[in-house]
Amino acid sequence: MKIAIGSDHGGFEHKNAIIEHLTARGFEISDFGIKELASVDYPDIAKPVSLAVAKKECDLGILVCGTGIGMSLAANKVKGIRAAVCSDHFSAKYTRLHNDANILCLGGRVIGIGTALELVDLFVDTAFEGGRHQKRVDKITEIENMQ
Ligand code: RB5
């Protein structure tokens, strides 16, 4: 499985730890930056990560900023992206099971690195349940296609 990842300065340390963790687990990683600690605008990172996932160049994405919120707002503007901000284990699991979320957004100033790694594991290890949830996800796509 190939994972696209990116962060701004608010999530830089978390991103590096996630890359190390997922690489050790055998995942292929596309790192869209930032590559060194510098202040950047989170939409500039959310955009290439979201496009890589939307174009199916990567299977899932992970975005980290200070809160996770800015990244999720930007990512969800890209057609085909369902980005979820998660700070707890239940949400990280169920956003895959029920929402078929394809990008996990984390807040580097909200959760510690240990929690972030556990949420990442839940996210990448959980498959969409389909069934009754498919029709609900399809309705999200219908809203997206209205515009
Ligand atoms: C950057 O200071 C901060 O605004 C950003 O990382 C993020 O939290 C935005 O949602």
Side-chain angles (χ1 to χ4, degrees), residues 1-25 27-128 133 136-147:
M1 187 186 288
K2 192 169 177 183
I3 310 285
I5 189 164
S7 80
D8 72 356
H9 48 288
F12 183 60
E13 280 179 36
H14 284 58
K15 176 178 75 82
N16 290 339
I18 293 165
I19 290 172
E20 195 180 318
H21 178 73
L22 287 180
T23 302
R25 284 197 53 194
F27 287 88
E28 194 182 341
I29 305 293
S30 276
D31 181 6
F32 290 88
I34 49 178
K35 298 286 170 73
E36 57 189 40
L37 189 55
S39 181
V40 296
D41 300 331
Y42 55 81
D44 293 338
I45 303 294
K47 183 174 158 185
V49 168
S50 302
L51 289 174
V53 174
K55 290 179 186 168
K56 309 223 179 291
E57 293 162 4
C58 292
D59 301 291
L60 293 172
I62 298 170
L63 286 166
V64 196
C65 63
T67 59
I69 296 171
M71 286 294 197
S72 71
L73 293 174
N76 278 314
K77 295 295 179 192
V78 175
K79 218 171 180 158
I81 293 303
R82 290 176 299 280
V85 190
C86 298
S87 302
D88 67 277
H89 295 71
F90 187 87
S91 300
K93 180 174 178 179
Y94 275 79
T95 199
R96 287 287 305 126
L97 277 176
H98 287 188
N99 311 129
D100 199 16
N102 47 17
I103 295 187
L104 173 67
C105 299
L106 301 169
R109 296 171 183 157
V110 179
I111 57 171
I113 287 175
T115 300
L117 298 182
E118 289 182 8
L119 302 190
V120 163
D121 280 344
L122 280 169
F123 188 77
V124 301
D125 291 340
T126 305
F128 179 47
H133 302 292
R136 295 164 186 167
V137 171
D138 290 344
K139 288 186 178 189
I140 297 175
T141 307
E142 269 176 47
I143 296 169
E144 191 175 69
N145 289 333
M146 279 168 44
Q147 295 151 49

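All ligand and atom numbering here is 1-based and tracks the order in the structure. Treat the numbers as computed from the prediction; the structure is a model and nothing was measured.
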**Study point:** Sequence-distant partners of E28, salt bridge (Lys or Arg N to Asp or Glu O under 4.0 Å), two or more places apart
**Key:** K2
Exercise for review: State which residue, out of F90, F128, F123, fulfils the side-chain contact (heavy atoms from CB on, under 4.5 Å) condition with T95.
Suggested key: F123
Study note, to complete from the structure: Protein neighbours of ligand 1 with a heavy atom under 4.0 Å, given by chain and number, are D8, H9, Y42, C65, G66, T67, G70, R109
Check your understanding: Above 12 or not: heavy atoms from other molecules or residues under 6.0 Å from CD of E13?
Key -> no
Exercise for review: Answer yes or no: is there a side-chain heavy-atom contact under 4.5 Å between L97 and H133?
Suggested key: no
Review point. Is the number of heavy atoms from other residues, nucleotides or ligands within 6.0 Å of CD (E57) greater than 12?
Key: yes
Check your understanding: Is the closest side-chain heavy-atom distance between I18 and I3 below 4.5 Å?
Key -> no
